[in-house]
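Just follow the structure's listing: the first ligand is 1, and inside any ligand the first atom is 1.
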Amino acid sequence: MIPEELIARLDERACVVVLTGAGISAASGVPTFRGTDGLWKNYRATDLATPEAFAQDPALVWEWYGWRRDLVRACQPNPAHRALVDLAPMVARLAIVTQNVDGLHERASAEVPVLRLHGSLWQMRCVACGREIENHEPGPAPGELPRCTSCGELLRPSVVWFGEALDDWVLGQAGQLTSEATVFMVVGTSGVVYPAASFAALAAQAGAYVVSFNVDDGARSDSAHDHVNSPCEVSMPLLVREVAARRP
Ligand code: BV8
Ligand code: ZN
């Protein structure tokens with residue numbers, strides 16, 4: 001199930017970038033965006049994850065984020081998150097570039113560098129003064145609107161909504177790591193959202209070996225040299241066992 005080429009390339013000199021999406025957190029119980037479980041009260045994420053939706057009905061958008069925060073807070077990293085932590089010391093460098101905002105990679109390990117392309121459920125930002133705060137408290141409860149303690153204005157989730165630009169520094173770092181990668185793994189993403197979906201092609205152009213891991217063959221990355229059609233909570237630990245078995 002694990003391509004021989006991937007196992008051979010994950011040697012001590014390998015520079016690895018892992019692009020992850022909602023599929024890596026599925027086994028933790030976090031709903032994906034476009035799968036059957038991707039809805040909330042019959043809203044699609046693309047309806048709610050926009051500045052327009054927040055401007056129009058901040059209470060509705062905060063209710064969705066409060067529901068997600070409370071759900072994710074009870075979730076644990078799964079064997080796929082932990083396999084990446086186990087793989088990191090076996091190669092020269094491993095960085096995770098995630099589209100996820102659930103914080104499960106960071107909870108799996110504080111050692112492995114994680115670049116969050118789309119922000120975090122656990123950060124809030126003031127719409128007026130821009131103050132960022134970390135907040136892991138329950139909620140906000142339906143109807144509750146969090147306020148900035150500095151200026152009293154509304155706080156928003158500190159995530160990147162559709163139509164919003166990604167953070168320049170994060171984007172630059174992700175591009176730099178991708179251009180230096182010898183192995184680029186695409187794990188649990190439908191590859192629909194840009195610019196995140198553009199990194200696999202950048203890696204392939206830079207000469208990296210690209211492999212995608214997804215339960216859906218249709219999500220095979222166009223730039224992938226190989227594709228592993230299996231739940232990543234199974235294939236990731238298997239990959240680490242295979243790499244370890246090749247080591248003296
Ligand atoms: C920008 C944060 C410009 C919020 C998110 C038309 C064409 C191309 C692009 C566009 C277009 N129209 C608009 C755009 C741009 C737009 C975009 O890409 N839209 C898409 C919908 C077409 N992009 C943007 O707007 C971005 N910004 O372009 O800015 C700009 C520049 C300068 C100045 C101003 C503006 C911003 C995009 C960021 C959006 N924010 N999240 C939040 O989370 O609340 S995106 C959201 O989708 C999540 O981050 C999520 O991670 C991400 C991607 O989805 P996936 O992670 O892939 O999840 P999905 O459910 O889709 O797939 C899960 C996969 O896992 C599936 O394939 C499934 O088979 C697989 N799976 C399931 N279980 C398992 C598994 N695999 C393995 N094992 C399992 N067990
Ligand atoms: Zn403020």
### Task
Scan the protein's non-hydrogen atoms and note whether one is under 4.0 Å from atom 75 (C) of ligand 1.
yes
### Message
Is it the case that ligand 1 has an N or O less than 3.5 angstrom from some N or O of Asn214?
### Response
yes
### Query
Looking at atom 50 (C) of ligand 1, would you say a protein heavy atom lies below 4.0 Å from it?
yes
### Query
Do any non-hydrogen protein atoms sit less than 4.0 Å from atom 7 (C) of ligand 1?
no
### Task
Please identify which atoms of ligand 1 are closer than 4.0 Å to at least one heavy atom of Val192.
18 (O), 20 (C), 22 (C)
### Message
Does either side chain, that of Arg131 or that of Thr149, offer a donor lying less than 3.5 Å from an acceptor on the other one?
### Response
yes
### Task
Would you mind checking which non-hydrogen protein atom is closest to atom 78 (N) of ligand 1, with the distance to 0.1 Å?
Cys232 N, 2.9 Å
### Task
Identify, by atom number and element, the atoms of ligand 1 in contact range of Thr32, meaning under 4.0 Å from any of its heavy atoms.
60 (O)
### Message
For Gln176 and Glu180, which I'm curious about, is there any donor-acceptor pair between the side chains at under 3.5 Å?
### Response
yes
### Query
Should Trp64 be counted as touching ligand 1, given the test is an N or O pair under 3.5 Å?
no
Going by atom type alone, with no hydrogens or angles, which donor-acceptor pairs under 3.5 Å involve a side-chain atom of residues 230-238 and a protein atom two or more places apart or on another chain?
from, atom 1, to, atom 2, distance (Å)
Ser235, OG, Pro231, O, 3.4

### Query
So, are Asp217 and Arg220 salt-bridged, with charged N and O less than 4.0 Å apart?
no
### Query
Could an N or O of ligand 1 be found under 3.5 Å from any N or O of Gly188, whether backbone or side chain?
yes
### Message
For Glu4 and Arg246: C-alpha separation, side-chain torsions, deciding distance, then whether salt bridge (Lys or Arg N to Asp or Glu O under 4.0 Å) applies.
### Response
CA-CA 11 Å; Glu4 183 53 38; Arg246 303 296 170 86; 2.9 Å; yes
### Query
What about Tyr65: any of its N or O atoms under 3.5 Å from an N or O on ligand 1?
yes
### Between CZ on residue Arg82 and OG on residue Ser109, distance to nearest 0.5 Å
12.0 Å
#### Entry: Side chains of Ser28 and Gln76, donor plus acceptor under 3.5 Å
no
### Task
Name the closest protein heavy atom to atom 59 (P) of ligand 1, giving the residue it belongs to and the distance to 0.1 Å.
Arg34 NH1, 3.5 Å
### Task
Pick whichever of Gly23, Ser190, Ala22, Ser120 has a heavy atom sitting closest to atom 72 (C) of ligand 1.
Gly23
### Query
Which residue owns the protein heavy atom closest to atom 40 (N) of ligand 1, what's the atom, and how far is it?
Val160 O, 2.7 Å
### Within-4.5 Å side-chain heavy-atom neighbours: Pro142 and Trp62
no
### Query
For Arg44, does the CZ atom sit with more than 12 other heavy atoms under 6.0 Å from it, leaving out its own atoms?
no
### Task
Name the closest protein heavy atom to atom 53 (C) of ligand 1, giving the residue it belongs to and the distance to 0.1 Å.
Gln99 OE1, 3.3 Å
### Query
Should the pair Arg69 and Trp67 be classed as cation-pi, given the thresholds of under 6.0 Å to the six-membered ring centre and 45° from the axis?
no
### Query
Looking at Gly21, which atoms of ligand 1 are within less than 4.0 Å of one of its heavy atoms?
56 (O)
### Query
With a cut-off of 4.0 Å, which atoms of ligand 1 are near a heavy atom of Ala219?
67 (O)
### Query
Using the benzene-type ring in the case of Trp, are the ring centres of Phe54 and Trp161 under 6.0 Å apart?
yes
### Message
So if I count the atoms of ligand 1 from 1 in the order they appear, which ones are less than 4.0 Å from some heavy atom of Asp216?
### Response
69 (O)
### Query
Distance only, no hydrogens: is a donor on one side chain within 3.5 Å (strictly under) of an acceptor on the other, for Gln99 and Thr189?
yes
### From CG (Leu117) to CG (Asp167), nearest 0.5 Å
10.0 Å
### Task
Could you tell me the separation between the OG1 atom of Thr32 and the CG atom of Asn100, rounded to the nearest 0.5 Å?
10.5 Å
### Query
So, is Thr189 polar-close to ligand 1, with some N/O to N/O distance under 3.5 Å?
yes
## Note on the structure
of all protein heavy atoms, closest to atom 26 (C) of ligand 1 is Tyr194 O, 3.3 Å
### Message
Geometry only, no angles: is Phe33 polar-contacting ligand 1 at N/O separations under 3.5 Å?
### Response
yes
### Task
With rounding to the nearest 0.5 Å, note down the distance linking CE in Met124 to OH in Tyr65.
11.5 Å
### Message
Can you tell me which portion of Val101 lies within the under-4.0 Å heavy-atom range of ligand 1? Options are side chain, backbone, both, or neither.
### Response
side chain
### Query
Quick check: does Ala49 get an N/O under 3.5 Å from an N/O on ligand 1?
no
### Query
Given the protein's heavy atoms, is any one of them under 4.0 Å from atom 14 (C) of ligand 1?
no
#### Entry: the Zn ion (ligand 2) - number of protein N/O/S atoms closer than 2.8 Å
4
### Task
For atom 1 (C) of ligand 1, grab the closest protein heavy atom and report residue, atom and distance to one decimal in Å.
Glu164 O, 3.5 Å
### Task
For residues Leu171 and Leu166, report the shortest heavy-atom separation together with the two atoms involved.
CD1-CD2, 3.7 Å
### Numbering as shown, the atoms of ligand 1 that approach Asn100 to under 4.0 Å (heavy-atom distance)
51 (O)
### Message
Starting from atom 73 (N) of ligand 1, what is the nearest protein heavy atom, named by residue and atom, and what distance separates them?
### Response
Ala26 CB, 3.6 Å
### Message
For Gln56, I'd like to know if atom CD has over 12 heavy atoms of other residues, nucleotides or ligands within 6.0 Å.
### Response
no
#### Entry: Donor-acceptor pair between His105 and Ser25 side chains, under 3.5 angstrom
no
### Message
Geometry only, no angles: is Val193 polar-contacting ligand 1 at N/O separations under 3.5 Å?
### Response
no
### Task
Using heavy-atom distances, let me know which of His118, Glu233, Arg68 sits nearest atom 80 (N) of ligand 1.
Glu233
### Task
Answer yes or no: is there a side-chain heavy-atom contact under 4.5 Å between Asp226 and Tyr209?
yes
### Message
Can you report which non-hydrogen protein atom sits closest to atom 32 (C) of ligand 1, along with the distance?
### Response
Ala165 CB, 3.7 Å
#### Entry: pair Thr46-Thr50: side-chain heavy atoms closer than 4.5 Å
no
### Task
Measure the distances from the heavy atoms of Ala27 to every atom of ligand 1 and state whether one is below 4.0 angstrom.
no
## Note on the structure
Rounded to the nearest 0.5 Å, the CG atom of Leu48 sits from the CZ atom of Arg68 at a distance of 9.5 Å
